[in-house]
Amino acid sequence: MYLFATKTLRHNVSRLGEATCPRPDCQRLKAGGWRLETKRHNKKCKILIEAESLVNMKQKKPWGGRFTKQTADSVESFTESISFDWRLYKYDIEGSIAHATMLARCKLITDEERDKIVKGLKRILSDISTGKFEFKKSLEDIHMNVESALIGRVGEAGKKLHTARSRNDQVALDLRLWIREQLRNTINLVTSLQVELVKKGKRHFNLIMPGFTHLQHAQPVLLSHYLLAYAEMFERDKMRLQDCLHRLNKSPLGACAIAGTTLPIDPAYTAKQLGFSGVCENSMDAVSDRDFCVEYVFCLSTIAMHLSRLCEEWIIWCNDEFKFVEISDAYCTGSSIMPQKKNPDVLELIRGKCGRVFGHLMSLLTLLKGLPLSYNRDMQEDKEAVFDATDTVQGSLSILAELVMNMSFNEESMLEACEKGFIDATALAEYLVKKGVPFRKAHEIVGSIVRECIKVNCRLMDLKLEGFKAFSSVIEKDVFNVLGVKNCIKNYRSYGSTAPGFVKKRIAYWEKKLNNSSPRKNTD
């Protein structure tokens with residue numbers, strides 16, 4: 001059906017249907033995909049706009065040439081992705097600017113057309129960044145929203161932007177650019193958490209705590225050594241993110257829909273503009289590859305797992321039965337019914353969100369496992385998993401760094417706990433080894449001594465020398481130089497151990513390393 005335009009245009013048109021009206025509003029409508037017709041009336045003309053509905057004039061679909069019916073509202077609602085992939089806008093525009101530059105270099109568009117396209121895209125970027133841009137669900141996704149706006153602003157030049165490009169390689173590009181940026185952001189956030197852990201380790205260097213295996217007292221360790229264990233874990237996380245970045249950093253542009261293009265393009269030039277290390281070697285793989293999404297979310301899942309382990313320990317440690325840590329009131333909540341409660345909710349939520357990230361990893365693996373080559377619309381479902389996993393892990397890293405900065409450790413409670421569980425027993429066994437006793441025999445002897453101490457309710461260091469000799473004649477008075485947690489700490493020797501000298505060197509190592517990789521702020 002036809003809807004008369006609201007304005008009467010005072011000009012002559014050569015013949016019906018030509019729509020050569022020079023007025024900007026008419027040219028804008030024509031450039032936006034509307035079919036314009038003219039009709040002489042009292043020596044004036046009126047523009048007739050082909051509309052799909054008098055109530056709701058829907059925009060023509062960019063792929064609509066083959067179709068005779070408009071898309072059902074229910075289908076538009078079900079298939080749209082603009083509600084979440086709008087987050088790719090900066091990267092979509094960045095990729096389009098690089099693509100337009102390449103097209104001009106290859107003489108597929110003129111320099112003037114390139115300049116119009118680039119100027120229009122930058123204006124759209126500014127409008128989106130400042131909240132002035134209206135995203136339209138009828139245009140399905142971020143790509144069509146940007147392209148439609150561009151055509152509306154610059155006319156025919158905008159229609160040439162999609163030359164030698166498909167939404168298939170376009171979305172693969174946008175997602176790679178977005179994840180590349182988030183990899184760097186996540187690395188920075190992990191570094192910030194490491195910095196706080198190392199600071200706490202240095203501040204509490206001499207604090208001794210019981211180390212646990214099977215959640216039972218095992219051997220004494222320095223608290224700083226314990227904190228540096230997490231610094232090591234998070235460093236491996238950063239290495240995995242860097243590895244992921246290395247494999248991700250190839251441009252899929254030029255693959256087009258599946259098979260490439262017959263047009264004389266230069267994908268390597270586009271890749272270089274966008275900071276990629278190279279171009280994807282196979283067009284079918286380029287548009288269907290989401291390994292980088294799976295690998296990225298796996299990296300996030302491993303970070304979430306490490307965060308959850310740390311939070312689980314500190315949830316236990318701030319319990320009255322331990323009292324090892326004191327979480328600042330600013331990072332705890334209370335009970336709606338029990339006035340005395342101080343709950344470590346931040347730690348609990350980080351622990352809980354770990355499962356959410358794991359779920360996104362399984363979602364991606366399940367999404368991809370049955371897809372034939374190459375692109376399938378199922379892949380639209382990758383973004384929400386990637387986006388939410390990123391938000392969850394980055395939010396957890398950020399809040400935990402704050403919490404660590406504002407927490408304290410209870411030295412008295414930790415030392416008191418060290419007096420339980422005979423955690424110097426291994427040191428006694430190694431003392432016997434130094435006296436020439438085979439380790440298995442030494443293990444058996446110390447086990448018998450521990451059993452005797454339990455019977456008489458005393459510590460190992462409380463036994464008299466005669467009591468020790470009842471179990472082994474090689475034990476002399478120098479045994480008391482190895483018993484007790486402070487002697488244990490002092491006598492550690494092996495590389496990577498909790499020996500004070502080694503831990504001090506590792507603190508210095510981490511301070512230097514983390515200072516040299518101080519976080520840079522990145523925004524999407």
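All figures in this text were calculated on a predicted structure; none of them were measured in a lab. Numbers here are sequence positions counted from 1.
For the residue pair R506 / S224, no side-chain donor-acceptor distance below 3.5 Å is found, with atom types taken as modelled. No side-chain donor-acceptor contact under 3.5 Å links Y269 and T101. When only modelled atom types and interatomic distance are considered, T186 and Q394 share a side-chain donor-acceptor pair under 3.5 Å. Side-chain atoms of Q194 and K513 include no donor-acceptor pair closer than 3.5 Å.
In this structure, the side chains of L483 and F468 come closer than 4.5 Å at one or more pairs of heavy atoms. R176 has its side chain within reach of P252: a pair of non-hydrogen atoms, C-beta onward, lies under 4.5 Å apart. Within the 4.5 Å cutoff, side-chain heavy atoms of C244 are placed close to those of L183.
Within a 6.0 Å radius of NZ in K435, other residues, nucleotides and ligands contribute more than 12 heavy atoms. Heavy-atom contacts from other residues, nucleotides or ligands closer than 6.0 Å to NZ of K469 number more than 12.
You'll find the ring centres of Y226 and W317 inside the 6.0 Å limit.
Partner of R167 under the salt bridge (charged side-chain N to carboxylate O under 4.0 Å, His left out) criterion, chosen from D141, D85, D92: D141. Shown are D237, L241, L245; of these, the side chain to side chain contact (heavy atoms under 4.5 Å, CB included) with I187 is made only by L241.
Looking at every heavy atom in both residues, F480 comes nearest to M461 through CE2-O, 3.8 Å.
The side-chain tip of R309 does not point at the ring of Y230 from less than 6.0 angstrom away and within 45° of straight on.
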